[in-house]
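All ligand and atom numbering here is 1-based and tracks the order in the structure.
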Amino acid sequence: MKFFIDTASLKDIQEAQDLGILDGVTTNPSLMAKEGISGKNNIMRHYKAICDIVDGDVSAEVIATTFEEMIAEGEELAEIDEQIVVKIPMIKDGIKAIKYFSERGIKTNCTLVFSAGQALLAAKAGATYVSPFVGRLDDISSDGMILIEDIRTIYDNYGFETQILAASVRHPLHILQCAKIGSDVMTGPLSAIMALLNHPLTDSGLAKFLADHAKANAK
Ligand code: E4P
């Protein structure tokens with residue numbers, strides 16, 4: 001399973017990259033705003049800075065909501081770097097835009113997906129990635145992982161090449177559940193990725209090993 005980090009923080013992206021396990025980055029307008037990035041030129045420069053840190057795909061979301069405007073904005077975003085994936089919302093014009101870009105070899109990520117039917121449409125349009133938001137479904141007492149399972153089944157039934165990018169991942173259990181189901185990618189915050197490191201038996205075991213070594217090697 002590929003690990004993407006869901007942030008616009010260059011510091012967090014660099015930290016995940018330095019760990020050696022990072023496959024890509026997803027951003028959204030809220031995450032860009034959280035980092036204080038505004039204005040078209042600054043936003044474009046920030047995407048370039050992200051691409052310079054990571055080797056993999058970097059999702060850059062369009063703000064436009066009409067077909068023509070999404071095409072214009074998406075083409076500009078795709079020009080920034082070959083790593084850029086144009087992130088497009090799951091709306092009617094978004095599906096048309098995904099089809100347009102897929103026919104021209106530009107990678108897309110269909111975002112704000114909350115149902116298997118939406119994921120089926122995104123795959124039919126040729127999306128590179130589909131982003132079901134598991135955490136936001138959990139937030140409204142609906143099991144986000146059931147959606148990942150349903151999409152996995154549908155895509156496998158027909159051999160769709162669209163990759164399932166489990167988004168809105170909030171904690172390490174989400175990551176494990178995605179891996180068990182067979183999600184192609186997960187995207188989450190640095191905290192969820194780093195939490196996979198932790199186990200109290202690792203900490204106590206290491207402390208004991210070091211203490212025994214120190215005792216045996218004391219003068
Ligand atoms: C998806 O690509 C979104 O950027 C993101 O995962 C949303 O996560 P949130 O629900 O924690 O805001």
Side-chain angles (χ1 to χ4, degrees), residues 1-13 16 22-38 43 46-47 49-51 53-54 56-65 70 73-74 77-78 83-91 94-95 97-98 101 107-116 118-119 121-123 125 127-148 151 162-179 181 183-196:
M1 183 170 74
K2 290 183 205 164
F3 273 37
F4 286 4
I5 188 167
D6 192 35
T7 184
S9 159
L10 298 182
K11 182 175 162 291
D12 284 5
I13 293 167
L22 191 63
D23 300 299
V25 177
T26 54
T27 61
N28 64 41
S30 303
L31 292 171
M32 293 293 274
K34 189 176 165 196
E35 296 305 311
I37 314 298
S38 62
I43 289 172
H46 200 75
Y47 283 136
I50 293 174
C51 292
I53 295 175
V54 297
D57 286 348
V58 174
S59 285
E61 187 160 343
V62 298
I63 305 300
T65 53
M70 278 191 265
E73 193 181 348
L77 290 169
Q83 289 167 253
I84 291 287
V85 175
V86 182
K87 198 173 179 189
I88 297 176
M90 165 43 76
I91 53 177
I95 288 298
I98 288 168
F101 285 125
K107 287 186 271 188
T108 54
N109 174 358
C110 184
T111 190
L112 290 166
V113 166
F114 293 93
S115 78
Q118 291 177 323
L121 267 183
T128 314
Y129 298 102
V130 65
S131 286
F133 279 34
V134 296
R136 292 192 193 187
L137 281 170
D138 289 358
D139 288 345
I140 58 158
S141 307
S142 187
D143 189 344
M145 287 302 151
I146 291 176
L147 177 57
I148 302 294
I151 301 172
T162 299
Q163 295 178 55
I164 303 172
L165 195 175
S168 188
V169 157
R170 304 270 176 77
H171 50 69
L173 191 54
H174 273 156
I175 300 177
L176 289 183
Q177 289 168 322
C178 285
I181 293 167
S183 187
D184 300 289
V185 192
M186 79 81 206
T187 191
L190 183 64
S191 58
I193 296 171
M194 289 310 204
L196 292 172

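Nearest protein heavy-atom neighbour of atom 8 (O) of ligand 1: Ser168 CA, 3.4 Å. The nearest protein atom to atom 2 (O) of ligand 1, hydrogens excluded, is given as Lys87 NZ, 2.7 Å; this is a heavy-atom distance. From the protein, the heavy atom lying nearest to atom 5 (C) of ligand 1 is Asp6 OD2, 2.8 Å. Nearest protein heavy-atom contact of atom 11 (O) of ligand 1 is Arg170 NE, 2.9 Å.
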Next item on the list: Assess whether side-chain contact (heavy atoms from CB on, under 4.5 Å) is satisfied between Phe3 and Thr187, documenting all intermediate values.
Entry: CA-CA 6 Å; Phe3 273 37; Thr187 191; over 6 Å; no
Notebook entry, point to check: Where do His174 and Met145 land on the side-chain contact (heavy atoms from CB on, under 4.5 Å) test, with the steps shown first?
Noted result: CA-CA 8 Å; His174 273 156; Met145 287 302 151; 3.6 Å; yes
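Distances from atom 12 (O) of ligand 1 to the heavy atoms of Lys34, Arg136, Glu61 put Arg136 nearest.
Remark: ligand 1 atoms within the under-4.0 Å shell around heavy atoms of Asn28 are 3 (C), 4 (O), 5 (C).
Look at Asp139 and Arg170 and you find a salt bridge, because one of the NZ, NE, NH1 or NH2 atoms lies within 4.0 Å of a carboxylate O, short of that distance. With respect to Lys107 and Asp57, a salt bridge is recorded, a charged nitrogen being found less than 4.0 Å from a carboxylate O.
Atoms CD1 and CE, from Ile63 and Met70 in turn, are 11.5 Å apart once rounded to the nearest 0.5 Å.
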